[in-house]
Amino acid sequence: MSSTAGQVIRCKAAVAWEAGKPLVMEEVEVAPPQAMEVRLKILFTSLCHTDVYFWEAKGQTPLFPRIFGHEAGGIVESVGEGVTDLKPGDHVLPVFTGECKECRHCKSEESNMCDLLRINTDRGVMLNDGKSRFSIGGQPIYHFVGTSTFSEYTVVHVGCLAKINPAAPLDKVCILSCGVSTGLGATLNVAKPKKGSSVAIFGLGAVGLAAAEGARIAGASRIIGVDLNSNRFNEAKKFGVTEFVNPKDYKKPVQEVIAEMTNGGVDRSVECTGSINAMISAFECVHDGWGVAVLVGVPNKDDSFKTHPMSFLNEKTLKGTFFGNYKPRSDLPSVVEMYMNKELELEKFITHEVPFSEINKAFDYMLSGASLRCIIRMEA
């Protein structure tokens, strides 16, 4: 066991004291892990749109002060009672959703939506006792999606940790904790395009580009990128995108444009925007008889999906996915190996890097649209 096992650790953390305000570097106390918990030393973390969305508290119930962060790579410092498959020194990726391996979803080959550890953005405490493991001068600091990686040390439920190859560079594979795996899996695990097929990707942010990367790996011959920002098109070529469509350039619905380009529709489509109109277009642009559309983006709570039932009767298929249908503990280690075997390219997703002390720059990069992923180095 580590020399700090069982003790409170004092370390630096970037604390969000209120919505939309710059994070403040503070010294926090991190309590030891309790039953089925693990305390990690975070080496690298990354900023995701989900962090920004809840930091801004758009349409959400504010839960502050809080430590955000959920894309990261770290090393196990100590483990709590009942943890048997991890030990100090193991390299892990913390994940915002979990795999308890005991519930009906975890035991199903068709689902990755764990009953116990499914993402919960409203809960700011640990499951074990309903309390936070972070504090400053006795004041609790809330967790975020069970990970809170904007801290040099954090405590995570063991079911939300994927043990990975210790040879994998954590400053690269840390981005597999969320968006990249979501987009990649949406294509490889759910859309499942065949070699030589055509795929349309709606939204060319990090998740959409990961979906395009999946289509490239699958051997798709045509990968059509759809985005309202034409400036993204050149960057998308690096991810295998072969053709581009900006819906604003046409007077007809984009699904009709794509159908004309592809002699009736694409074989597969993956929607990564959260726009209900993009979702409808992604479904209606696939070919009848065999076309499959996969929805990844999260819509507004009041949105409703409307399409003519004949689309279904004409044998178009609509699917949704959560975290790319990956079970975190069981499947993420193999995704890391895809990178290690040079099948998956991660470096092209990483556009910026900053030291932990300058974490607010990562927010500036993302808010300005300049960044896909900004790696945050916890140590100078």
Give a yes or no on whether the ring-centroid distance for Phe150 and Phe68 is below 6.0 angstrom. no
I'd like to know if the side chain of Asn112 and the backbone of Phe322 have a donor-acceptor N/O pair within less than 3.5 Å. yes
Side-chain contact, heavy-atom cut-off 4.5 Å: Asp115 with Cys100? no
Starting from the C-alpha separation in whole Å, work towards a yes-or-no answer on side-chain contact (heavy atoms from CB on, under 4.5 Å) for Glu337 and Asn165. CA-CA 8 Å; Glu337 292 308 309; Asn165 184 345; 3.1 Å; yes
Start with the C-alpha gap between Phe202 and Phe283, add the side-chain angles, then the distance that decides, and say whether ring pair (Phe, Tyr, Trp, His ring centres under 6.0 Å) holds. CA-CA 11 Å; Phe202 285 73; Phe283 176 55; over 10 Å; no
Please determine whether the number of non-hydrogen atoms from other residues, nucleotides or ligands lying under 6.0 Å from atom NZ of Lys348 exceeds 12. yes
Check: Glu213 and Leu209 side chains under 4.5 Å, non-hydrogen atoms: no
Is it the case that over 12 heavy atoms from other parts of the model lie below 6.0 angstrom from the CG atom of Asn341? yes
I'd like to know if the side chain of Ser275 and the backbone of Ala278 have a donor-acceptor N/O pair within less than 3.5 Å. yes
Please determine if Lys21 and Glu18 form a salt bridge, counting it only when a charged side-chain N lies under 4.0 Å from a carboxylate O. no
Taking the side chain from His143 and the backbone from Arg133, do they hold a donor-acceptor pair closer than 3.5 Å? yes
If the threshold is 4.0 Å, N to carboxylate O, is there a salt bridge linking Arg232 and Glu235? no
Scanning both residues in full, the closest heavy-atom pair of Ala200 with Ile258 reads CB-CD1, 4.4 Å
Less than 3.5 Å apart, any donor N or O on the side chain of Asp129 or Gln34 sitting next to an acceptor on the other? yes
What's the verdict on side-chain contact (heavy atoms from CB on, under 4.5 Å) for Phe363 and Leu47, showing C-alpha distance, side-chain angles and the deciding distance? CA-CA 7 Å; Phe363 281 77; Leu47 182 64; 3.7 Å; yes
With distance as the sole test, does Ser181 use its side chain to make a donor-acceptor pair with the main-chain N or O of Ser177 at under 3.5 Å? no
Min side-chain heavy-atom separation Phe356-Arg377 under 4.5 Å: no
Classify the ring geometry of Tyr365 against His352: parallel below 30°, tilted from 30° to 60°, perpendicular beyond 60°. parallel
Is a donor on one side and an acceptor on the other found under 3.5 Å between the side chain of Ser269 and the backbone of Ala282? yes
Test side chain to side chain donor-acceptor pair (under 3.5 Å), reference Lys41, set Glu77, Glu379, Glu152, output is Glu379
If you take all heavy atoms of Gly208 and Ile201, which pair is closest and at what distance? O-CG2, 3.3 Å
Would you confirm whether Thr97, through its side chain, and Arg118, through its main-chain N or O, come within 3.5 Å as a donor-acceptor pair? no
In terms of side-chain geometry, is the basic nitrogen of Asp90 or Lys87 positioned less than 4.0 Å from the acidic oxygen of its partner? yes
Considering only NZ, NE, NH1 and NH2 on the basic side and carboxylate oxygens on the acidic side, decide whether Lys238 and Glu347 come within less than 4.0 Å. no
Between Phe144 and Leu63, is the side-chain contact (heavy atoms from CB on, under 4.5 Å) condition met? List the steps. CA-CA 9 Å; Phe144 178 64; Leu63 191 59; over 6 Å; no
Taking every heavy atom of Thr187 against every heavy atom of Pro193, the minimum-distance pair comes out as O-CD, 3.3 Å
When you check the gap from the basic side-chain N to the acidic O, do Glu99 and Lys327 get nearer than 4.0 Å? no
So, Glu284 and Thr307: side-chain donor and acceptor under 3.5 Å apart, yes or no? yes
Taking Leu228's backbone N and O only, do any of them form a donor-acceptor pair with Asn246's side chain (distance below 3.5 Å, no angle check)? yes
What heavy-atom pair brings Gln7 and Arg39 nearest, and what distance separates the two atoms? O-NH1, 2.7 Å
Restricting to non-hydrogen atoms, name the atom on Gly196 and the atom on Ser221 that form the minimum distance, rounded to 0.1 Å. O-OG, 2.8 Å
Could you label the plane-to-plane angle of the Tyr326 and Phe323 rings as parallel, tilted or perpendicular, counting under 30° as parallel and over 60° as perpendicular? perpendicular
Main-chain N/O of Ile141 paired with Ser132 side-chain donor or acceptor, under 3.5 Å: yes
Please report whether the ring centroid of Phe349 lies less than 6.0 Å from that of Phe239. yes
Taking all heavy atoms of Gly179 and all of Glu71, pick out the closest pair and write down the distance. N-OE2, 3.1 Å
Of Leu332, Leu86, Val156, Ile164, the residue whose pairing with Val92 passes side chain to side chain contact (heavy atoms under 4.5 Å, CB included): Leu86
Heavy-atom neighbours of Tyr142 OH exceed 12 at 6.0 Å: no
Residue pair Thr147 / His70, side-chain donor-acceptor N/O under 3.5 Å: no
